[in-house]
Amino acid sequence: MSTIPQPPKREGGTPITKRLTPRDIQARKGGAPIVCITAHSAPMAGFLDPHVDLLLVGDSLGMMVYGLDTTVGVSLDMMIAHGKAVVRGSARACVIVDLPFGAYQASPVDAFKAAARVMSETGCAGVKLEGGAVMASTVEYLVSRGIPVMGHIGLTPQSVNVLGGFRVQGKSNDEARVLVADAKLLANAGAFSIVVEGTVEPVAREITKAAAVPTIGIGASAQCDGQVIVAEDILGLYSAFMPKFAKRYALLGDEVSKAVASYAADVRARRFPGLENTYGAAPATPAKKSKKR
Ligand code: KIV
């Protein structure tokens with residue numbers, strides 16, 4: 001049996017631990033750094049949950065789980081399936097689920113319908129959506145109807161086709177001004193926190209100073225109120241691309257490869273399964289003594 005950590009449960013199945021809420025996260029502005037990491041499955045959520053404040057079911061699952069090149073092909077059903085798994089596998093962290101491309105941009109009503117499905121079907125605490133000024137009225141619409149929203153500005157991967165690639169943001173004065181204004185608008189609209197992705201340090205610092213809610217950086221320096229990272233990037237489980245902003249804390253992909261090579265060698269040499277892995281194995285028959293002539 002594997003040893004996947006399970007959240008503590010009451011009789012009847014409800015988790016014992018009190019989860020952090022979006023309000024708890026919002027209250028951490030300017031305080032102890034907020035720790036956030038992506039999770040896409042129940043077992044992984046179980047491993048990550050005791051160590052972090054926020055679990056983000058990011059649409060990066062398009063690349064990390066489904067082998068897509070970008071997040072543009074991720075569907076609402078995918079996000080809901082993985083959101084449910086992460087909520088089931090965790091007990092303490094605040095779980096936020098990304099709204100995928102196409103589910104919220106057309107209108108606040110579309111956004112509400114998508115977010116309401118995500119909230120009611122997964123049991124998560126809130127949703128994240130990408131975009132600054134253009135999304136402020138949608139954020140206000142959702143928050144005023146009971147849906148906690150995390151914003152996401154800077155490098156917004158769902159807009160990769162108009163950004164012309166994954167380009168670091170905030171390098172010009174104009175870009176910097178727009179980003180600071182975006183952050184203020186999202187905070188005023190009621191976002192409980194804002195992810196700032198792929199943004200140069202001075203601008204991340206400006207945004208963090210200007211926004212009344214916590215900023216959570218990814219590739220946006222240590223100036224933010226917290227950090228988020230894609231779990232596979234720091235665990236060595238995704239080799240197609242290694243972003244500059246990620247640090248490798250483990251090489252689990254290499255460990256998987258070594259372990260499976262050993263398994264394959266054991267099967268081929270008939271060393272696996274051994275007696276200890278076998279049900280009802282017949283006792284070994286002692287070899288008969290051959291009579292001497
Ligand atoms: O999808 C994701 O993993 C994200 C993080 C990069 C913030 O949105």
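Because the structure is predicted, anything quoted here is derived from the model rather than measured. Numbering of residues begins at 1 and proceeds along the displayed sequence. For the numbers below, each heavy atom of this structure counts, side chains included, while hydrogens, waters and symmetry mates do not. We count ligands from 1, going down the list as the structure has it; atoms in each ligand are counted the same way.
- Counting only N and O atoms by type, the side chains of D24 and T21 include a donor and acceptor under 3.5 Å apart.
- Each of the following atoms of ligand 1 lies closer than 4.0 Å to a heavy atom of G58: 1 (O), 2 (C), 3 (O).
- The H152 neighbourhood of ligand 1 comprises atoms 8 (O), with distances under 4.0 Å to a heavy atom of that residue.
- Ligand 1 is never approached by E130 to a heavy-atom distance shorter than 4.0 Å.
- Summarising the local packing, OH of Y263 is surrounded by 12 or fewer heavy atoms from other residues, nucleotides or ligands at distances under 6.0 Å.
- Looking at L61 against ligand 1, nothing comes within 4.0 Å, counting heavy atoms.
- Set against the non-hydrogen atoms of I218, the atoms of ligand 1 under 4.0 Å away are 6 (C).
- Shown in contact with D59 at under 4.0 Å from a heavy atom are these atoms of ligand 1, numbered in order with element: 1 (O).
- For the residues G198, A39, S60, the heavy atom positioned nearest atom 2 (C) of ligand 1 is part of S60.
- In K184, the NZ atom is not crowded: 12 or fewer heavy atoms of neighbouring residues, nucleotides or ligands sit closer than 6.0 Å.
- For ligand 1, one of its N or O atoms has an N or O atom of K128 under 3.5 Å away.
- Contact annotation: L56 has at least one heavy atom less than 4.0 Å from an atom of ligand 1.
- A salt bridge between K113 and D110 is absent, with no side-chain N of the basic residue lying under 4.0 Å from a carboxylate O of the acidic one.
- The backbone N or O of Q26 sits nowhere less than 3.5 Å from a side-chain atom of S193 that would complete a donor-acceptor pair.
- Not one N or O on the side chain of D49 forms a donor-acceptor pair closer than 3.5 Å with the backbone of S90.
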Handout entry: Evaluation steps, side-chain contact (heavy atoms from CB on, under 4.5 Å), between V74 and M63
Key = CA-CA 9 Å; V74 173; M63 290 86 98; over 6 Å; no

